[in-house]
Amino acid sequence: MSAQTNTNAAASTAQTAIPNVILRLGDIAPNFTAETTQGPIDFHAWLGDSWGVLFSHPADYTPVCTTELGTTAKYKNQFDERNVKVIALSVDPLEKHHAWINDINETQHTTVNFPLIADPDRQIAFLYGMIHPNASENATVRSVFVIGPDKKIKLTINYPASTGRNFLEILRAIDSLQLTANYGVATPANWQHGDDVVIVPAVADADVPARFPKGATYLKPYLRITPQPNL
Ligand code: BEZ
């Protein structure tokens, strides 16, 4: 792997240790090249115009990770429907990834249908701040980065090694992000697909009728509810 660009932190080269970067919402997702189980990639070129989910695992041949990758494979069509490319990372070599995928397919009754990045030197893990030294000096935590078509980080999640992620929640959050990007609405607490949404404060009252033809309910001047616009 080589780290190519990181506009959010001090520049680094592939040959020197990369600082364990802290990435924030709105930052450009750093580009890199890497070997994956589906061939070499340049991350930004691989993303193209799609949304992306980059998520890390502590290690190959670990139980929770095995279930997570199997679950992601089963949800691949749901990511595709949302124009989201999914890619996993763990700090193990490519050959180990390939062998482990056989176990995932067998035990999770699926076929892993997305790439796994091999990051044995942990350079991408450091580039994305996936190593939390006070949790583990060597292994990545369970990080999730949702990246928009503009290559900016839209959402981050970090779970400890012992807690498997809820991939339905990741899909739900992507639905919210895409509603905001496309319609100027936000989603309230515990929102689920089909529920009403809220009109963002940046939309002036005068523009509400034209932008939200399904109607709006004003609970307060700042709390304006409208049906989910893309249904
Ligand atoms: C796992 O992936 O199953 C796991 C990894 C490290 C600690 C606990 C669980």
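Every number for a ligand or one of its atoms is a count from 1 in the order of the listing.
Nearest protein neighbour of atom 3 (O) of ligand 1, counting heavy atoms only, is V64 N, 2.5 Å. When only non-hydrogen protein atoms are considered, atom 9 (C) of ligand 1 lies nearest to A161 O, 3.6 Å.
Nearest to atom 4 (C) of ligand 1 by heavy-atom distance, out of H57, R142, E68, is R142.
Smallest separation of non-hydrogen atoms from C65 and R142: SG-NH1, 3.3 Å. In plain terms, the two heavy atoms of W191 and D196 that are nearest each other are CD1-O, 3.3 Å. Taking every heavy atom of both residues into account, L219 and I225 meet most closely at CD1-CG1, 3.8 Å. Nearest heavy atom pair, residue I104 against residue V112, reads CG2-CG2, 3.7 Å.
Between P63 and ligand 1, an N or O atom pair is found at a separation short of 3.5 Å.
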